[in-house]
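What follows is a set of notes on a single structure, which appears directly below.
For ligands, and for the atoms within them, numbers begin at 1 and follow the listed sequence.
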Amino acid sequence: MRGAVIHVPGDVRFEDRADPKLEQPTDAIIRISATCVCGSDLWDYRGINPVTQPIPMGHEYVGIVEETGSDVTTVKPGQFVIGSFFASDNTCEVCRAGYQTSCVHREYVGANGAQAQYLRVPLADGTLVATPDVPDAKLVPSLLTASDVLGTGWFGAVAADVQPGKTVAVVGDGAVGLLAMLAAQQLGADQIIAFSRHEPRQKLARQFGATDIVTERGDDGAARIKDLTNGLGAHCVIEAVGTQQSMMQAIRSTRPGGHVGYVGVSHDVSLPGQELFYSHAHLHGGPAPVRRFLPDLINRVWTQQIDPGKVFDLTLPLDQVAEGYKAMDERRAIKTLLEP
Ligand SMILES: [Zn+2]
Ligand SMILES: [Zn+2]
């Protein structure tokens, strides 16, 4: 088969890779229907994560089950499935508490490289969820978002304790931040404030439920949130970037007793203990346990209550994956969908 491999930062190639095979009786092999480039792939592409050897890329996927190991019982060949970027057994205590990305048996599916024609998914029973039927092509982009960015934005909103009537602020206008706004709207938030400076993203933010746009960043941004909330700060703040500035912007935008849901992959963030102590903010986040939300998110897409696939503003054939990375790196695209 063929798939995307990064050789050095900035150099993603579409090349021959070994066909994946069943390695464990709990594995499934899927034929990829659609995959995409994630904001977190850009950490490798930009050399912020070291790339010391060729690495297969991609961790967001939907596809048709080709083959299953002898222990797999919940999915079968021919079904259309969606899975998280971490495989999980979905049966251990940690999974049952809803934290499948910290499953005691977790495996990183992305290590197998989902930007390819085929993918081996470990722990298929605990990882994959089948749709009611093979979907219409028009639903595929939205279903694909459930594999990571929608599930991650949703977890950010849940971790920030979004509830009906609450005021929500979202730091980050990438796909995860935008879909956190959609999640906040679905969960009944009253006011949703988007931090964004980019006109096309502001437009999408409004479509996903944002009621206010703030273009200031850092402490100026936090001050604007206070202006909009009677001087108190937001009840719920979702952090979807992962830098020192974005994390402090989130904490300083939160009212005493409020919640920060942080889902931007943390890079060199260090928190000042005394400020945290006096903030009275709840902090919760981490790698989103997407598997927890998959059945609900699939249902919302299937019944067309939500259209998260709008975050894809570039669709390319998989063999043009290099251009997909370049367009996102140069911020010409919010998110690139790839079709094998
Ligand atoms: Zn991702
Ligand atoms: Zn588990």
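- I29 and I82 are assigned to two separate hydrophobic clusters, defined by single-linkage of ILVMFWY side chains at heavy-atom distances under 4.5 Å.
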Is there a side-chain contact (heavy atoms from CB on, under 4.5 Å) between T152 and F85? Walk through the geometry before answering. CA-CA 11 Å; T152 296; F85 45 93; 4.1 Å; yes
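- The tally of protein N/O/S atoms under 2.8 Å from the Zn ion (ligand 2) stands at 4.
- Excluding waters, the count of protein N/O/S atoms less than 2.8 Å from the Zn ion (ligand 1) comes to 4.
- By the side-chain contact (heavy atoms from CB on, under 4.5 Å) test, R255 pairs with T229, L232, H235, sequence neighbours left out.
- The main-chain N or O of D329 is found under 3.5 Å from a side-chain atom of R46 such that the two form a donor-acceptor pair.
- Residue pairs meeting the ring-ring contact (aromatic ring centres under 6.0 Å, His included) criterion with at least one member in residues 165-219: none, sequence neighbours excluded.
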Would you please test F155 and H284 for ring pair (Phe, Tyr, Trp, His ring centres under 6.0 Å) and show each step? CA-CA 10 Å; F155 174 60; H284 185 39; 5.7 Å; yes
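- Within the 4.5 Å cutoff, the side chain of I55 has heavy atoms near those of the V51 side chain.
- Side-chain contact check for D219 versus R252: some heavy-atom pair is nearer than 4.5 Å.
- Within the 4.5 Å cutoff, the side chain of L150 has no heavy atoms near those of the V176 side chain.
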